[in-house]
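Protein chains get the first letters and strands the later ones, always in sequence-line order, with residue 1 at the start of each. Computation of the quantities below employed the complete heavy-atom set of this structure, encompassing side-chain atoms and omitting hydrogens, waters and symmetry-equivalent molecules.
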Number of protein chains: 2
Amino acid sequence: MKKPSIKDVAKLAGVSTATVSNVFSGRKAVNDDLKDRVRGAAQQLGYQANRAASQLRSQRNQVVAVLVPNLTDTFFAKIISNLENMAFSHGYDVIVASSHDRLDVEESRINALLRWQPAGLIAIPCSGSIPKSIANLKDTTPVVMVDRVSVEDCLFDTVTIDNFKSGVDAGVFLSQQGHEKILIAASNLDHPPIKNRTQGCFETVEQLGGRCEVLALGSDLEEGANVLGSWLDNNEHPTAIFGLTNVTTLSVLTAMADRNIRVCDDISLVAHDDYAWMSARSTSLTVMQQPVDDIAKTAWNRLIARIESKEVNQEPQSSVLEAHLVKRKSVKKL
Amino acid sequence: MKKPSIKDVAKLAGVSTATVSNVFSGRKAVNDDLKDRVRGAAQQLGYQANRAASQLRSQRNQVVAVLVPNLTDTFFAKIISNLENMAFSHGYDVIVASSHDRLDVEESRINALLRWQPAGLIAIPCSGSIPKSIANLKDTTPVVMVDRVSVEDCLFDTVTIDNFKSGVDAGVFLSQQGHEKILIAASNLDHPPIKNRTQGCFETVEQLGGRCEVLALGSDLEEGANVLGSWLDNNEHPTAIFGLTNVTTLSVLTAMADRNIRVCDDISLVAHDDYAWMSARSTSLTVMQQPVDDIAKTAWNRLIARIESKEVNQEPQSSVLEAHLVKRKSVKKL
DNA sequence: TGCCATTAGTAAATCGTTTTACAGAACAAT
DNA sequence: ATTGTTCTGTAAAACGATTTACTAATGGCA
């Protein structure tokens with residue numbers, strides 16, 4: 001019942017194991033007839049090269065590790081899906097781990113990933129700071145940090161969007177539409193993107209003469225809805241809300257629905273990130289749309305460049321992309 | 001710059017490599033002071049066992065492979081997230097591949113997965129039939145097939161829900177609420193779950209005196225919205241729609257929004273599966289909720305049982321779970 | 001004391017590949 | 001005929017862990 005090894009194939013084809021290896025790796029030329037014989041034998045036995053063995057001997061590993069805070073958030077899922085695609089077409093496999101947004105889990109998941117000795121690592125950390133075990137990788141393994149990173153003090157290549165500008169754009173748009181009392185529904189201000197979006201929006205609105213309030217809703221939908229709900233019950237309503245993430249936007253919608261507050265008619269809404277469900281509504285949501293495919297693509301290209309050119313000691317490079325305002329129907333002109 | 005190996009640790013700690021191995025694997029007792037010395041040395045060098053080497057030698061592989069049709073569908077993402085969790089707590093790693101709902105990709109992704117010689121495979125195929133390379137695994141590697149499988153002719157353990165009953169329940173509920181003209185918005189009738197849901201609902205409604213129509217919208221949101229849209233433009237409207245998947249439901253909502261048709265007031269709606277956004281609306285959606293966590297848990301338990309008890313030749317076992325009706329506000333009582 | 005059982009360690013074999021170092025054959029150019 | 005070069009192929013070493021088989025030391029018990 002054991003799987004056939006390269007020796008079995010070699011024996012059946014009447015050649016040495018080196019030749020079999022050469023047939024499949026293509027690193028040395030092999031006569032066509034021999035090639036056929038080897039391929040035939042492999043086929044017949046159902047031979048598949050053992051990755052562990054080949055990785056061990058060759059010291060190269062066609063694997064990249066990917067760490068995300070959460071697999072069920074479509075934003076991260078899309079990034080992974082893109083990465084998986086590109087990796088596959090480059091002959092790499094991907095191993096994925098989720099930190100479930102917990103620092104302790106993060107640390108141990110990273111260690112598990114590293115035991116694979118991956119050729120590279122693409123990581124979206126759950127907090128703004130770089131986990132110890134990743135920092136240790138400096139000069140050893142190519143690393144690209146994505147999304148939840150502060151660009152300035154990062155030791156590695158980074159791919160982010162200009163979250164401050166994203167906040168500014170939303171603030172400008174809402175102000176232009178006449179909104180002067182705006183609530184920023186943030187998730188967690190410890191996350192650099194959230195902090196920056198908040199600052200961008202806040203400063204802009206205040207500068208343009210409006211007033212801005214910030215509320216941290218956390219990353220749990222229900223809880224966020226409750227927090228916002230009781231805030232709404234005890235405060236004068238804003239004319240517009242800026243929902244900084246998928247989940248906060250859902251919290252906002254939930255709290256509003258519970259109180260029969262209508263989107264647009266009663267309170268305008270701008271969401272961050274663009275999910276399918278945001279358009280599939282009678283009042284489709286105006287959003288700051290992140291270029292998620294580009295983010296993934298950029299991260300992959302950075303990583304592959306590091307891996308293949310061995311540009312290990314070169315300066316870290318930070319790529320900053322931009323979110324774009326997509327106007328739909330959730331913002332009322334006052 | 002090379003990573004330290006077990007030899008380096010052994011040398012630094014002044015012991016043999018066997019002892020180092022024993023310290024970390026715990027397979028043989030080691031004196032406490034030696035243990036400390038070894039651990040210290042490992043720490044100092046930043047030693048991490050090379051998985052490839054240990055897998056190769058020990059012939060066991062703490063890896064399970066997971067194949068899904070799509071990573072960005074939250075349903076599959078949740079399953080993966082659950083699996084990843086359980087795997088991790090059992091000391092396994094997970095490698096994930098997506099077939100992107102294409103048969104040719106599926107085949108090659110499976111082969112890539114299998115080169116890892118995983119301890120087991122959990123697969124959600126993209127069509128109802130079992131891919132060749134999975135069929136070959138019979139008697140070799142434990143396999144659990146999930147969701148898109150026809151239970152009868154499957155060679156492997158299966159975990160599914162009773163999709164026929166799911167359709168029946170939706171049909172009964174809608175009929176009870178007085179709906180007699182129902183449109184079933186299906187995605188792709190080749191998928192066994194979809195076929196079964198459709199049949200269950202169709203037969204029930206007809207039996208209870210209503211009329212049912214079936215429309216296949218495919219798995220692209222926009223396209224589905226167009227198909228449904230032109231159908232709505234050219235046919236007498238149903239009083240209720242049963243959306244069989246996440247995406248079809250989004251297509252339905254899009255087509256309705258485009259035409260200013262109100263959910264519930266104009267056309268009632270029952271969705272299949274339960275996503276966060278379905279509740280975060282003023283008219284929250286009534287749904288058939290799949291026990292997604294249970295599905296993942298059951299699949300994992302089956303797989304682990306096969307892996308650990310080596311019950312390779314035992315009869316395949318099929319676990320059938322149930323979806324539950326969650327009543328919310330999208331269905332009008334006529 | 002003598003004998004057996006248990007414990008704690010090591011040297012060396014091993015897993016399935018890839019790679020190195022070498023060799024014979026064929027052919028071209030001198 | 002000699003030399004060099006290119007092509008194909010092989011035997012054996014190597015990768016870094018685990019496991020086997022063996023030894024030495026310790027302790028318990030008659």
Below 4.5 Å, heavy atoms only, C-beta onward: do [X] and [Y] meet side chain to side chain?
X	Y	result
V96(B)	V94(A)	no
D147(B)	I295(B)	no
I304(A)	Y92(A)	yes
R109(A)	S98(A)	no

Base, sugar-phosphate or nothing for [X]? Non-hydrogen atoms, less than 4.0 Å.
X	answer
S5(A)	sugar-phosphate
R51(A)	nothing
A29(A)	sugar-phosphate
A18(B)	base
S58(A)	sugar-phosphate
V30(A)	sugar-phosphate
Y47(A)	sugar-phosphate
V20(B)	nothing

[X] has an atom [atom1]; how far is it from atom [atom2] of [N], in whole Å?
X	N	atom1	atom2	result
L34(A)	dG9(D)	CG	P	4 Å
D8(B)	dC15(D)	CG	P	11 Å
Q117(B)	dG16(C)	CD	P	9 Å
N22(A)	dT10(D)	CG	P	10 Å
I6(B)	dT19(D)	CD1	C1'	12 Å
R37(A)	dG9(D)	CZ	P	9 Å
R57(A)	dA12(D)	CZ	C1'	11 Å
L56(B)	dT19(D)	CG	P	12 Å

Handout entry: Presence of salt bridge, D93(B) and R115(A), under 4.0 angstrom
Key =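 Answer for the salt bridge query: no.
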
